[in-house]
Amino acid sequence: MEELVVELVGVTKRFDRVTAVDNVTLQIRRGEFFSLLGPSGCGKTTSLRLVAGFEEPDQGEIRLDGKPVQSLPPYRRRVNTVFQSYALFPHLNVYDNVAFGLRRSSVPEAEIQTRVSQALELVRLPDLLARRTTELSGGQQQRVALARALVNQPQVLLLDEPMSALDPKLRRDMRTELKRLQKDLGITFVLVTHDQEEALSTSDRVAVMNAGKVEQVDAPRAIYERPATRFVADFIGTANFLPATVRAVNNGRSTVVLADGVSLVAPSAEKAPVGARVELSVRPERLWLTREPGSNGSNCLPARVVECTYMGPVTRYTVEVAEGVRLTTEQQNQDVVDGYQAGESVFLQWRPTSGTLLPAEAR
Amino acid sequence: MKRSFVLLVYTALVYLFLYAPVLVMALYSFNQDPRNAVWKGFTLQWYAKLMQDTEIQRALLNSLQVGLIATLAATVLGTMAALALTRYRFRMQAALSGLVFLPMVVPEVVMGTSLLAFLAAIGWKLSLSTIIVAHIAFCVSYVTITVRARLAGMDFRLEEAAADLGAGPWDTFRLVTLPRILPGVISGALLCLTISIDDFVVTFFTQGIGSGTLPIRIYSMVKTGITPEINAVSTLMLLTTFSLMLIYGRLGSGQEPSRAR
C-alpha cells in the first residue's frame, strides 16, 4: 500500500449557485507527479486551491499526510504553490523572493543563504540574486517562482497552469525541466493544466475533470488507450464514436451490433454488460481504409469517403458509415499512391483490440 | 501662429488671475507700511513679530496638533476601510462603498452644523478633541479613496503567495500589502494633512474656547483690518500647503505603471 500524501474525500465547493467542485474524491501518492487535467471551468484550479488552503470546502475532508487540514489556513500547511501569474513580489529582488518562506519559519540567515543559492541552482537560474523580479523574462520569473516554492521543501508542490504564459518552445523545455526536478527531489507534484500533451508527457497519473467531477484517474497511457467515459475519450486526442448495443460478452471480447445490424468486436468493459447501449470509440490513427473487405478477423465497415484533406505525411479522411454517422481517420502517405477520392466506396477496418466500449450517456 | 499667440495671452491671463493675488499678498508681507496700503520698502519685521505673537503661536500649535493626530488616525482608519472594501465580500458592500464618498460631497457648512448638533446631543464639550474628531471624519474618505485605487491595481495573488509561503495575516500585510500600497497611503496622509491644516468651516463649528486653529485665528485678525502680519502668516501657510502638495504630486507621478502581467 503506497503512502497517500494528499486526499480529497467527498469534497464539494460552491461559489454562489455554481458548484465548482462536486463531491470529488482523489488520492495522491507520495512522490508521484499527478496532474489535474480538464477544460477551463472544470474545477481543477479550485481543487488545487482547496489543497493549498485558499478556499474552504463546503463539504468533505481534505487530508495532508493523513491529517485533516480543511480548517487550517494556507500558512499552516506544508504545501507550496507556483501560481499561474507567478505572483512574485515586485518590491523584492530575486533573493528576497526566494528567501521569503524560509524567513517566515525563522531559519537562520546563514542557512537561508545556502538554501536560496541551492534552490536557484536547482532551477538553473544564473546569478540574478540582486535583480528585481520585474526585470526578468517570463521563463526566468517562472524559475524564480519554482525556486521560491521548492526552497521550503514542501510535502507537496502545487502548480497552477505554470506554463500557460510561456511560448511553446519554452513550454516544452520547462516540461522536461519539471519532470527532472520532480524525479531528482522526490517531492509530490500536483499540476493543474488544460493542456493534455503537458499532462500526459509529465505525469505518473492524470485525473481528468469535467464539470466539477473526476471522470477518470489513471496513468497517461491508460487515459488515452482505455478512456473510461465518452468525455475522456473526446477530450484527450480525437476519437470516433459508434452507437451500438452489446450482444454477447465472451472471454474478454464483446460483440456489439450497430443500428443497421452490422456486428463488431471490442474488448469487454465492466460498464458494458449484455444488452447495454454503448458507444464504441476508436482513435483515428487505428483505422485503415481498403478497397476490398478484410478477412483477417478485423472489424470491417463499408463506408463512403466524404472528404479528404492532404496534410503532407498523412491524409485525413472523413467517411460516412451510415446516415449521419461520420468517422475520421488518418492514413500515412507511405508510398506514392493515389489516395481515395471523395465519393468513393471503401472499407473501414480496425483491430478489435483498438476499440473501447463506453457506456452511452443520456443526452 | 496668430491662434497660438491668442492662446498664449489667454493662458497668461488665467494664471495671472489665479496667482497675482497670492503673489501680491506674499510681497506685501515684506511691506513696511503697517496699514499695508502702499509699498514703503522691504522689511522682515512682520515675520519677527509673528515669532512673538503668542496667540498665533497657540493657533499654530493647535493646527499642527489637530493636523497630525487627525492625519494619523484617518490614515489608519482609511487604509483599513479600503482593505475591507476591496478584499472582502459582505452585505451592503456597494452601498458602503458609495457612502465613503459622502464627506467629500456634503457641503462643509452642513457637515459643520450636523457635527455641532451631534456633539451637543451626546454632550461632548467643544474643545481641541472635537475638532480632531471632526477632521478625522472627513479625512477618512480621502485616504480610503487613494488607498483603494492602489489596492485595485494590486494582484491579490501576491497576498495568497505570501500566505502560501507561511506568512500569517499580519506578516502578509506588513511585508507584501503595505509595501505595495504605501504610495497610496502616503498620498492619502498628505492630502489629509493639507486639508486639515487649511480647514476653516468645519473647524469653526466644532472649536471650543482657546482651541482655534490658524485659519480661525487669521479670520479673527482680518476682522480688525488686514495688517502685513496677516500677510506674513498666510504666506507661511501657503508655503506649507504648497510643499505638501508638491510631495503629493511627486508620489502620484512616481507611481509604477501597472504591469501587463
Side-chain angles (χ1 to χ4, degrees), chain A residues 15-16 45 48-49 51-55 72-92 96-107 132-138 141-142 144-145 147-154 156-160 164-166, chain B residues 79 82-84 86-94 97 146-189 250-261:
Chain A
F15 295 108
D16 295 326
T45 294
L48 196 79
R49 292 173 59 79
V51 175
F54 302 134
E55 310 287 353
L72 284 186
Y75 51 91
R76 293 204 199 289
R77 299 188 190 191
R78 277 203 55 205
V79 298
N80 286 116
T81 309
V82 175
F83 291 84
Q84 184 169 11
S85 54
Y86 315 137
L88 297 177
F89 305 124
H91 57 289
L92 300 179
D96 290 331
N97 261 282
V98 179
F100 193 93
L102 296 175
R103 289 195 175 130
R104 301 285 74 69
S105 42
S106 314
V107 175
R132 281 264 178 151
T133 57
T134 45
E135 296 164 7
L136 304 180
S137 72
Q141 291 188 15
Q142 155 117 83
V144 175
R148 186 179 69 173
L150 286 172
V151 77
N152 306 294
Q153 298 164 348
V156 183
L157 182 73
L158 307 173
L159 301 121
D160 184 10
S164 59
L166 302 179
Chain B
T79 304
L83 277 167
T86 47
R87 286 293 180 266
Y88 301 98
R89 290 170 70 193
F90 46 87
R91 279 176 50 184
M92 310 260 291
Q93 187 164 20
S97 199
T146 51
V147 175
R148 196 166 59 176
R150 277 301 289 197
L151 278 170
M154 180 182 159
D155 182 4
F156 68 92
R157 299 219 184 237
L158 292 180
E159 289 167 353
E160 286 186 347
D164 189 69
L165 294 165
W170 172 245
D171 271 356
T172 299
F173 176 73
R174 187 172 63 90
L175 298 166
V176 175
T177 316
L178 190 58
R180 298 301 298 147
I181 61 172
L182 200 59
V185 174
I186 295 175
S187 309
R250 263 294 167 78
L251 283 173
S253 61
Q255 273 183 8
E256 299 169 60
S258 60
R259 283 167 215 286
R261 235 182 352 92

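Below, read A as the first sequence line, B as the second, and so on, with proteins coming before strands; counting in each chain starts at 1.
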Check the surroundings of atom OH in B:Tyr88: do more than 12 heavy atoms from other residues, nucleotides or ligands lie under 6.0 Å from it? no
Under 4.5 Å, counting heavy-atom pairs only, tell me which of A:Arg49, A:Arg104, A:Arg78, A:Arg76 racks up the most with chain B. A:Arg104
Salt bridge or not between A:Asp96 and A:Arg103? Use side-chain N to carboxylate O under 4.0 Å. yes
With sequence neighbours excluded, tell me which residues meet ring-ring contact (aromatic ring centres under 6.0 Å, His included) with A:Tyr75. none
Could you tell me which portion of A:Thr81 (side chain, backbone, both or neither) has an atom closer than 4.5 angstrom to a non-hydrogen atom of chain B? both
Quick check on A:Asn80 against chain B: is it the side chain, the backbone, both or neither that has a heavy atom closer than 4.5 Å? both
Going by atom types alone, do B:Arg87 and B:Thr177 pair a side-chain donor with an acceptor below 3.5 Å? no
Check: A:Phe54 ring centre within less than 6.0 Å of A:Phe83 ring centre: yes
Would A:Gln141 and A:Thr133 count as having a side-chain donor-acceptor pair, cut-off 3.5 Å? no
When you measure from the centre of the six-membered ring of A:Phe89, is the NZ or CZ of A:Arg148 closer than 6.0 Å and no more than 45° off the axis? yes
Can you list the residues of residues 161-168 of chain B that sit under 4.5 Å from chain A, counting heavy atoms only? B:Ala161, B:Ala162, B:Ala163, B:Asp164, B:Leu165, B:Gly166, B:Ala167, B:Gly168
